[in-house]
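One structure is given here, and the rest of the page talks about it.
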Amino acid sequence: MVLSGQYLERSVVVGELDALYHRGTREPPCAIAAPHPALGGSMLSPVVAQLAWALTRAGHPTMRFDYRGVGASRGVSRHGVGSTRIADLQDEVADLHRICEHLLASTHMAEVCLVGYSFGAAVALEAVQEPRVGRLVLIAPPTQLYDFEAISAVRKPLLIVCAHQDPYCDRSALRPPDGARLEIIPHSDHFFGRGLTELGKTVAEWLRGDRSDYLAPPDGPEVAGAAAELELDPGDGDSLELDTDPE
């Protein structure tokens, strides 16, 4: 049984793709694109999982998924294991479009927000021209591996989030259009070992905009790890002593 306030994603199959879906009532629904499949990237990436968690807590429907040939998704990936090359993205873009179609059909909402992390940022950027894509979020776009020049042509609400110390992302190479927002997560690297929670909050707050009603519910009281003294009732009988004499 799932209690109120608990976070539980539902496993779904979209065509040949394995995905995790969480329902929500606030627009827009968010399709989250994973990092590089040849480098072990999947929807189980800590960054992708954190984004799904943060956006779900803010009330948005979310769907994260594995590209074809990754995890339980059927098909074959064009990207060989261990390769850092980002070239032909047509399969991954098609996969993301399929996820968007399913997400919009499930939520009965008009537009979707694409959220892409690392390699997924390149996929999301390639997919942004789809008419039913209303917003775009690019997390740690790897400019050292892919040409993100097309960012300057985006004419939809755009958020770019970069890590402060990211060897794969040269922020000076990014040319966001007027009106786009660029956020830097301090003390973090490409994998957001630090700043992971702040990353999720940054994206959720941007989607909320100036709508004060779009607030995630407060966390419950901190109980995990709290120290407490345990007192035992001695009862009415004689005290119990250990016999230490081996005889």
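Here the closest non-hydrogen pair linking A58 and A204 is CB-CB, 4.0 Å. Contact between P29 and E111 at its shortest, heavy atoms only, is CD-O, 3.1 Å. Taking both residues in full, the closest heavy atoms of H164 and H187 are given as CB-N, 3.8 Å, listed atom of the first, atom of the second, then distance. Contact record, A34 with V48: CA-CG2, 4.0 Å, taken as the closest heavy-atom pair. I86 approaches A122 most closely through the heavy-atom pair CG2-CB, 4.3 Å. In this structure, A52 and R64 approach most closely via the heavy-atom pair CB-NE, 3.9 Å.
Transitive grouping of hydrophobic side chains (ILVMFWY, heavy atoms separated by less than 4.5 Å) brings L89 and L138 into a common cluster. Residues L136 and L182 are members of one and the same hydrophobic cluster, defined by side-chain heavy-atom contacts under 4.5 angstrom among Ile, Leu, Val, Met, Phe, Trp and Tyr. Residues L96 and V70 are members of one and the same hydrophobic cluster, defined by side-chain heavy-atom contacts under 4.5 angstrom among Ile, Leu, Val, Met, Phe, Trp and Tyr. M43 and Y21 fall into different hydrophobic clusters, where Ile, Leu, Val, Met, Phe, Trp and Tyr residues are linked whenever their side-chain heavy atoms come under 4.5 Å apart, directly or through other members. In the hydrophobic clustering of this structure, F192 groups with L51; members are Ile, Leu, Val, Met, Phe, Trp, Tyr whose side-chain heavy atoms approach within less than 4.5 Å, directly or through other members.
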**Prompt:** Can you list the steps and then say if E130 with V133 is a side chain to side chain contact (heavy atoms under 4.5 Å, CB included)?
**Reply:** CA-CA 6 Å; E130 173 67 27; V133 174; 3.7 Å; yes
**Request:** Please test I139 against V203 for side chain to side chain contact (heavy atoms under 4.5 Å, CB included), starting from the C-alpha separation and ending with a verdict.
**Result:** CA-CA 9 Å; I139 309 295; V203 178; 3.9 Å; yes
**Request:** Would you check, one step at a time, whether the test side chain to side chain contact (heavy atoms under 4.5 Å, CB included) holds for S118 with H190?
**Result:** CA-CA 8 Å; S118 190; H190 189 75; 2.8 Å; yes
**Message:** Is there a side chain to side chain contact (heavy atoms under 4.5 Å, CB included) between L207 and R135? Walk through the geometry before answering.
**Reply:** CA-CA 9 Å; L207 284 177; R135 291 171 176 257; 3.8 Å; yes
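Taking NE2 from H36 and OH from Y146, the interatomic distance works out to 11.5 Å, rounded to the nearest 0.5 Å. The distance from atom CG of D178 to atom CZ of R155, rounded to the nearest 0.5 Å, is 8.0 Å. Expressed to the nearest 0.5 Å, how far OG1 of T62 lies from NE2 of H22 amounts to 7.0 Å. We find the CD-CG distance between Q144 and D166 to be 9.0 Å, quoted to the nearest 0.5 Å. A distance of 8.5 Å separates OG in S188 from CZ in R194, rounded to the nearest 0.5 Å. Between E183 atom CD and T202 atom OG1 the span is 5.5 Å, to the nearest 0.5 Å.
Within a 6.0 Å sphere centred on NZ of K156, other residues, nucleotides and ligands contribute more than 12 heavy atoms.
You'll find the side chain of E92 reaches within 4.5 Å of the side chain of S77, heavy atoms only. By the 4.5 Å heavy-atom criterion applied to side chains, V47 and P35 are not counted as neighbours. Using a 4.5 Å heavy-atom threshold, the side chains of Y117 and F191 count as touching. The shortest side-chain heavy-atom distance between Q165 and P186 does not fall under the 4.5 Å cut-off. Two residues are said to be in side-chain contact when any heavy atoms from C-beta on lie closer than 4.5 Å; C162 and I185 fail this criterion. Residues R175 and E149 fail the side-chain proximity criterion, which asks for heavy atoms closer than 4.5 Å. In this structure the side chain of C169 reaches within 4.5 angstrom of the side chain of P141, judged on heavy atoms. Here the side chains of S73 and F65 are not in contact, with every heavy-atom distance at 4.5 Å or above.
Shown are D170, T143, I160; of these, the side-chain contact (heavy atoms from CB on, under 4.5 Å) with F148 is made only by T143. Of the options L17, L20, T107, I99, a side-chain contact (heavy atoms from CB on, under 4.5 Å) to M63 is made by I99 and by none of the others.
Classification of E101 and R132 as a salt-bridged pair fails, no side-chain N sitting under 4.0 Å from a carboxylate O.
A donor-acceptor pair is defined here as one N or O able to donate and one able to accept, closer than 3.5 Å; no such pair exists between the side chain of H102 and the backbone of V14. Put simply, the side chain of D95 never gets that close to the backbone of H97: no donor and acceptor are under 3.5 Å apart.
Here the two rings, on Y67 and F119, have centers that are under 6.0 Å apart.
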